[in-house]
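Remarks on the structure that follows.
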Amino acid sequence: MNLISIRERQSRFARLTAEAASCTRCPEMCGRAAVLSQLNGPLDARVMFIGEAPGRKGADRTRTPFSGDQSGQNFERFLASINLTRREIFITSAALCNPRKASGANRRPTAAEVRNCSSFLNRTIDLINPRVIVTLGGAALEALRVLHDHNFSLRSDAATIRRWGERLLVPLYHPSPQVLITSRKEAAQLRDYQVVVQAIRETGARVS
């Protein structure tokens, strides 16, 4: 893993955010802004969470990942259950802009949109250099596969500690209300987040 000075890290992040802000690779998202800025978290975070994409009522509006909507409220509650705060983590997503249906509703980013954003995700991971990566949902887990092939799935590997390249990976379910109803109840997700604590401890990092 590369060790770089904080000044160099800040400079590289400024260039990265500027490139993301001017990106036009996805025709259906050209009218929306990438959610990547200092609001995503500290550049020296030891833990990185990767979501699916900014929500229309959430990060696309607030410019802060997992805020302003019910998914964000659920995420905050799950973080609090393991005594983690936003000041200790960096949050990004498989697609940096909000994907929408013609109706205006949120939709899952397409495989092409995830690939288009993969260079931004790869550079962000390299820059932040987290010891632990936590994916939230299938799209985020698939986004990592684009960068470095793996055979992990939510069905088989959710809430388990895996090795992804030089880092520890914990695949988790997305904190959306729909997922809590249909796929992973809140009690189960609260148990899942305890695995994040285990992963952090395995790296020797401090848990509040």
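Atoms considered below: every heavy atom in the structure, side chains included; atoms not considered: hydrogens, waters and symmetry mates.
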Identify whether F66 and I82 are in the same connected component of the hydrophobic contact network (ILVMFWY, side-chain heavy atoms under 4.5 Å). yes
Are V170 and I91 connected, step by step, through hydrophobic side chains (Ile, Leu, Val, Met, Phe, Trp, Tyr) whose heavy atoms are closer than 4.5 Å? yes
Heavy atoms, side chains only, cut-off 4.5 Å: are [X] and [Y] in contact?
X	Y	result
E113	P99	yes
V134	M48	no
N106	D60	no
P65	T92	no
R25	S119	yes
W164	I125	yes
L141	L169	yes
R9	D44	yes

What I want to find out is whether E28 reaches R100 closely enough, with some N-O distance under 4.0 Å, to be called a salt bridge. no
Taking 4.0 angstrom as the limit, do E142 and R108 come out as a salt bridge? no
Does a side chain donor of either R15 or S11 reach within less than 3.5 Å of an acceptor in the other side chain? yes
Nearest heavy atoms of [X] and [Y], plus distance in Å:
X	Y	result
D157	F152	OD2-CA, 3.2 Å
C97	A33	SG-C, 3.8 Å
A34	A20	CB-O, 3.6 Å
S81	Y193	OG-CB, 4.3 Å
R167	D126	NH2-CA, 4.5 Å

Any sub-3.5 Å donor-acceptor pair from [X]'s side-chain atoms to [Y]'s backbone N or O?
X	Y	result
R191	A159	no
E88	T85	yes
R46	V132	no
D192	L172	no
N98	P54	yes
E8	S5	no
R115	V146	no
R61	G68	yes
H174	S71	no
S22	A18	yes

Aromatic ring proximity, centroids under 6.0 angstrom, F49 and F75: yes
Criterion salt bridge (Lys or Arg N to Asp or Glu O under 4.0 Å) on R131 and E202, from CA distance to verdict: CA-CA 10 Å; R131 297 179 184 179; E202 283 192 19; over 6 Å; no
For R163, is the CZ atom crowded, meaning more than 12 foreign heavy atoms sit under 6.0 Å from it? yes
What distance separates R12 CZ from T124 OG1, expressed to the nearest 0.5 Å? 10.0 Å
For a side-chain contact (heavy atoms from CB on, under 4.5 Å) with I200, tell me which candidate from V195, L168, L84 qualifies.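 Of V195, L168, L84, side-chain contact (heavy atoms from CB on, under 4.5 Å) with I200 is met by L84 alone.
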Under the ring pair (Phe, Tyr, Trp, His ring centres under 6.0 Å) rule, what pairs show up with a residue in residues 94-124, not counting sequence neighbours?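 Found none.
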How does the hydrophobic cluster around L154 look, that is, which other residues are in it when side-chain heavy atoms under 4.5 Å mark a link? Y173, V179
Please enumerate all residues that pass salt bridge (Lys or Arg N to Asp or Glu O under 4.0 Å) together with R56, with sequence neighbours excluded.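 Checked R56 against salt bridge (Lys or Arg N to Asp or Glu O under 4.0 Å); zero matches.
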